[in-house]
There are 4 protein chains.
Amino acid sequence: MTLRKRLATKSLTPRKSPRQTRAEGTVAAIVEAAAHILERRGFEGFNTNAVAEKAGVSIGSLYQYFPNKDALLSALIAREAAPLLAVEKELAGIAGSRAAFQRYVIAGIQYQMRRPQLARLIDTAEKADTFSDQVMGTVTRLRAVVEKILDLKDAPIVLDKAVAAADVVAITRSLIDAAGERDKTDVDRLRRRVEGAIWGYLTSG
Amino acid sequence: MTLRKRLATKSLTPRKSPRQTRAEGTVAAIVEAAAHILERRGFEGFNTNAVAEKAGVSIGSLYQYFPNKDALLSALIAREAAPLLAVEKELAGIAGSRAAFQRYVIAGIQYQMRRPQLARLIDTAEKADTFSDQVMGTVTRLRAVVEKILDLKDAPIVLDKAVAAADVVAITRSLIDAAGERDKTDVDRLRRRVEGAIWGYLTSG
Amino acid sequence: MTLRKRLATKSLTPRKSPRQTRAEGTVAAIVEAAAHILERRGFEGFNTNAVAEKAGVSIGSLYQYFPNKDALLSALIAREAAPLLAVEKELAGIAGSRAAFQRYVIAGIQYQMRRPQLARLIDTAEKADTFSDQVMGTVTRLRAVVEKILDLKDAPIVLDKAVAAADVVAITRSLIDAAGERDKTDVDRLRRRVEGAIWGYLTSG
Amino acid sequence: MTLRKRLATKSLTPRKSPRQTRAEGTVAAIVEAAAHILERRGFEGFNTNAVAEKAGVSIGSLYQYFPNKDALLSALIAREAAPLLAVEKELAGIAGSRAAFQRYVIAGIQYQMRRPQLARLIDTAEKADTFSDQVMGTVTRLRAVVEKILDLKDAPIVLDKAVAAADVVAITRSLIDAAGERDKTDVDRLRRRVEGAIWGYLTSG
DNA sequence: TATGAATGAGTCTTCATTCAT
DNA sequence: GATGAATGAAGACTCATTCAT
């Protein structure tokens with residue numbers, strides 16, 4: 001995407017909502033193909049033609065559902081962020097901040113461990129541009145979750161909840177990523193390390 | 001970079017060392033232009049023509065000194081990583097691990113604060129690929145520094161120093177990055193937050 | 001083609017087979033344009049942009065069907081070699097080696113006379129490289145034809161049929177080329193000269 | 001060389017005649033470097049910078065002696081053609097056409113066997129363009145030699161000596177080339193094959 | 001609606017040649 | 001004279017996107 005193009009502010013919303021089941025399947029196939037290509041070939045190999053081919057759809061069809069490449073990536077990000085909704089809901093029922101953070105960390109680990117490459121690339125993509133504003137991505141979602149935890153009565157007191165939430169999310173991601181790079185899968189130890197860093201951060205102020 | 005290209009293992013070392021003073025200036029101008037373009041336009045806008053133009057040299061000159069685009073990026077990474085050498089040396093004279101970590105965190109903050117965008121993008125680039133093997137980048141360097149600190153007598157005891165070092169670096173970067181995204185510049189408070197996270201992490205095992 | 005590139009062994013097979021009739025026309029137009037450009041401008045002027053323009057298609061279309069420049073040249077060679085298949089079949093029905101050689105020489109003359117420049121350039125290209133292995137070109141085909149003739153009962157006896165066949169093809173081509181350079185078209189006289197050389201060669205051992 | 005450039009009719013004569021011995025050495029080194037590069041890398045890798053480097057001279061110096069790339073190639077062709085002068089002289093003393101042809105064939109074999117790759121490439125280059133007119137190359141020279149042989153009293157009578165000479169040269173080259181491609185070095189057998197083809201050709205009219 | 005053929009701006013890279021030092 | 005830094009036109013190739021069928 002060139003600078004000029006980026007400034008033109010393209011719509012990132014799907015071009016048409018699929019009402020028929022067949023179309024839904026097509027859209028899902030395209031998004032999964034996008035995930036697949038991104039995982040295997042990285043951003044370099046992530047192009048719409050490859051995605052269409054992998055999805056078993058014509059390039060024309062792809063553009064029938066997504067107005068442009070960014071919209072496709074956007075949809076993928078949204079799809080990946082979706083499971084985190086579950087955590088949001090679940091956390092509503094947890095009273096203690098310690099337990100809540102534990103649940104949050106576990107969710108984060110599970111999320112990132114399932115498709116590590118993909119998680120990391122989406123992370124990068126989210127940082128890279130535009131999306132943050134228009135799409136409610138993983139990071140935004142996680143920050144909201146953490147902010148809620150910090151609202152709990154027994155949570156550590158911090159100066160700025162937004163900052164703290166952002167930092168906690170950043171720490172969590174970076175440690176899980178680092179573990180992912182090492183192909184480590186000792187989830188329990190990882191969880192304790194992450195929690196240690198979070199509490200250290202929250203109680204150091 | 002396509003897959004095929006990546007497999008071809010391009011050289012990342014400069015094509016020719018400048019012998020005349022004029023040439024040295026050219027090389028420096030090109031690298032600085034690369035930094036500038038990367039900062040302002042991101043990876044999307046980072047193309048060799050733009051760099052050459054910004055540097056005020058012809059595209060041919062760029063390719064006299066850098067065999068390909070990656071080599072240019074590589075040189076930029078190396079240039080940015082250089083200042084961190086200073087810390088490595090300085091740290092040799094510090095005995096206490098607490099003080100050492102403090103110095104390390106400060107160095108990291110200073111490094112990333114100077115050109116936050118650039119630092120973050122280089123971070124991404126380093127993660128992205130190939131370089132890690134061929135270029136001794138910032139991250140590798142910083143990990144070595146932290147490992148040395150962990151070797152100090154009064155340092156917290158950790159199970160695996162390599163893992164701990166990688167994690168400490170990851171935490172540090174992510175927190176400083178997060179601060180950078182927010183355009184925060186309260187260095188002192190940031191420093192304390194980072195140190196808190198580090199110590200929390202190191203003493204939680 | 002640089003050394004590095006050559007080692008990378010590019011595919012010379014068409015990228016995608018045209019499924020629609022329109023596409024078939026495009027492919028044919030591109031190959032014919034390639035022939036045309038090669039004839040008129042030689043290898044120096046043979047570039048993909050010129051070919052695309054001459055074919056009246058966009059450069060993108062050219063690359064939809066041919067993965068690279070060599071593949072295009074390869075396709076052209078194959079196209080030119082095709083008519084020689086006819087001779088192969090026809091020769092099956094001829095018993096005497098003398099008559100067979102006569103037919104072979106006539107075919108060669110006709111082939112090369114139709115588009116002399118093109119024939120000569122393709123000849124050069126085939127010699128030049130890579131193709132020989134991957135593409136069954138004119139020369140290979142002709143050698144096979146001659147070997148078959150040498151298998152006939154009344155054919156002159158030679159020490160090494162492969163060598164003799166290669167030599168006969170070489171002589172034929174060189175004489176017809178030489179005539180082509182002079183723009184001579186006295187086919188009959190040329191034919192007799194070629195046959196004389198061939199028989200002289202074959203019976204001199 | 002683009003079409004436009006070719007039409008501009010560049011001078012192919014060396015830019016300045018070296019009077020000092022050092023300069024002569026330089027010129028010789030450049031031409032030999034050109035031969036070397038052409039042999040190892042073919043036309044694709046034959047570029048002035050490579051030649052200069054191989055010659056151990058700066059690119060500037062190369063252009064001091066040769067006004068352009070073609071002039072360099074031209075000089076190389078001339079150099080390679082030179083040894084054939086010896087044959088021309090020697091042939092003056094031979095009376096019988098049979099012996100003369102034998103001597104001619106031997107010379108041709110020796111010439112082409114010494115540096116087969118180079119000989120073949122120069123052959124191609126000579127055919128390719130422009131040079132033929134301005135430079136007295138190998139082929140032209142050989143044709144003159146053969147024409148002289150055909151002038152001998154006992155030589156076979158041919159309709160058109162120029163044509164016959166061209167054809168004899170063509171046959172000779174093609175057979176030796178073919179042998180060269182096969183890496184055959186049985187010079188004597190090759191010589192007999194070539195002579196057979198020549199006599200067959202000359203006596204078939 | 002689906003298809004896939006076609007487009008062409010944009011990017012990397014090379015290399016013959018010039019010219020200031 | 002020699003050097004090598006600098007130039008930039010030219011060429012191979014990609015890929016997001018459009019549109020006729």
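Computation of the quantities below employed the complete heavy-atom set of this structure, encompassing side-chain atoms and omitting hydrogens, waters and symmetry-equivalent molecules. Lettering follows sequence order; numbering is per chain, from 1. Bear in mind that the values here come from a model prediction, so they are computed numbers and not experimental data.
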J.: If you find the nucleotide of DNA chain E closest to Ala50(B) and the one closest to Gly56(C), which residue's nucleotide is nearer the 5' end?
T.: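 On the 5' side of the pair lies Gly56(C).
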J.: Mapping Ile59(C) and Ile59(D) onto DNA chain E by nearest heavy atom, which one lands closer to the 5' end?
T.: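 It is Ile59(C), whose closest nucleotide lies nearer the 5' terminus.
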J.: If the cut-off is 4.0 Å, is Ser58(A) near the phosphate of dG4(E), judged by side-chain N/O to OP1 or OP2?
T.: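 No, because none of the side-chain N or O atoms of Ser58(A) sits under 4.0 Å from OP1 or OP2 of dG4(E).
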J.: Considering the options Arg40(C), Glu39(C), Glu32(C), which one meets the side chain to side chain donor-acceptor pair (under 3.5 Å) requirement together with His36(C)?
T.: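 Exactly one option meets the side chain to side chain donor-acceptor pair (under 3.5 Å) with His36(C), and it is Arg40(C).
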J.: Is there a side-chain polar atom (N or O) of Thr48(B) under 4.0 Å from OP1 or OP2 of dT11(E)?
T.: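 Checking dT11(E) against Thr48(B), no side-chain N or O comes under 4.0 Å of OP1 or OP2.
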J.: I want to check one thing: is the phosphate of dT14(F), taken as OP1 and OP2, less than 4.0 Å away from some side-chain N or O of Tyr63(C)?
T.: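 False: Tyr63(C) side-chain N/O out of range (4.0 Å or more) of dT14(F) OP1/OP2.
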J.: Rounded to whole Å, how long is the line connecting atom CD of Glu24(B) with atom P of dA6(F)?
T.: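 Rounded to whole Å, this separation is 11 Å.
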J.: Rounded to whole Å, how long is the line connecting atom CD1 of Ile30(C) with atom C1' of dA6(E)?
T.: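 In whole Å, dA6(E) C1' lies 10 Å from Ile30(C) CD1.
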J.: Would you say a side-chain N or O of Ser61(B) is under 4.0 Å from OP1 or OP2 of dA5(F)?
T.: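 Indeed not, no polar side-chain atom of Ser61(B) lies that close.
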J.: How many angstroms lie between OG1 in Thr48(C) and CD1 in Ile59(C), if you round to the nearest 0.5 Å?
T.: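 Going from the OG1 atom of Thr48(C) to the CD1 atom of Ile59(C) covers 4.0 Å.
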J.: Using whole Å, report how far CG of Asn49(D) lies from P of dT7(F).
T.: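 Distance, rounded to whole Å: 15 Å.
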J.: Can you tell me the distance, in whole Å, between the CZ atom of Arg41(A) and the C1' atom of dT14(F)?
T.: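 Spelled out: CZ on Arg41(A) to C1' on dT14(F) is 14 Å.
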J.: Just how far is it from atom CG of Asp123(B) to atom OG1 of Thr124(A), taken to the nearest 0.5 Å?
T.: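 OG1 of Thr124(A) is found 9.5 Å from CG of Asp123(B).
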J.: Assuming nearest nucleotide by heavy-atom distance, tell me which of Leu62(B) and Pro67(C) is located more 5' along DNA chain F.
T.: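 Nearer the 5' end of the strand: Leu62(B).
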J.: Do the non-hydrogen side-chain atoms of Leu76(B) and Phe66(B) ever get within less than 4.5 Å of each other?
T.: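 Contact flag for Leu76(B)/Phe66(B) side chains = no.
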J.: On DNA chain F, check which nucleotide each of Thr26(B) and Asn68(C) is closest to and give me the residue with the more 5' one.
T.: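 Of the two residues, Thr26(B) wins.
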J.: Let's see if you can work this out: which of dA16(E), dA6(E), dA2(F) has an atom nearest to the side-chain heavy atoms of Tyr65(C)?
T.: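 Nucleotide nearest to Tyr65(C)'s side chain: dA6(E).
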J.: Are the side chains of Asn68(C) and Leu12(C) in touch, meaning some heavy atoms are under 4.5 Å apart?
T.: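 In short, these two side chains touch, coming nearer than 4.5 Å.
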J.: Please report the distance, rounded to the nearest Å, between CZ in Phe46(A) and P in dA16(F).
T.: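 Taking CZ of Phe46(A) and P of dA16(F), I get 9 Å after rounding.
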J.: Over how many whole Å does the gap from Glu53(B) atom CD to dC12(E) atom P extend?
T.: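 Rounded to whole Å, this separation is 13 Å.
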J.: In the structure I gave you, are the side-chain heavy atoms of Phe43(B) and Leu73(B) within less than 4.5 Å of one another anywhere?
T.: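 Phe43(B) reaches Leu73(B) side chain to side chain.
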J.: In whole Å, I'd like the distance from the CD1 atom of Ile37(A) to the C1' atom of dA16(F).
T.: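 One finds 15 Å between C1' of dA16(F) and CD1 of Ile37(A), rounded.
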J.: Tell me the partner of dT13(E), counting only Watson-Crick (N1-N3 plus N6-O4 or O6-N4) or G-U wobble (N1-O2 and O6-N3) with both under 3.5 Å; none if nothing fits.
T.: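 Its partner is dA10(F) (Watson-Crick or G-U wobble, both distances under 3.5 Å).
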J.: Could you identify the nucleotide paired to dA20(E), looking across every strand shown and requiring Watson-Crick or G-U wobble geometry with both distances under 3.5 Å?
T.: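 Base-paired to dT3(F).
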J.: Is any side-chain nitrogen or oxygen of Gln64(C) closer than 4.0 Å to OP1 or OP2 of dA6(E)?
T.: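 Checking Gln64(C) against dA6(E): no side-chain N or O falls below 4.0 Å of OP1 or OP2.
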J.: Determine the contact category for Asn47(A): base if any of its heavy atoms lies under 4.0 Å from a base atom, sugar-phosphate if only primed atoms, P, OP1 or OP2 are that close, otherwise nothing.
T.: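 Sugar-phosphate contact only.
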J.: In whole angstrom, what separates Glu44(B)'s CD from dC15(F)'s C1'?
T.: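 Rounded to the whole Å, the gap is 12 Å.
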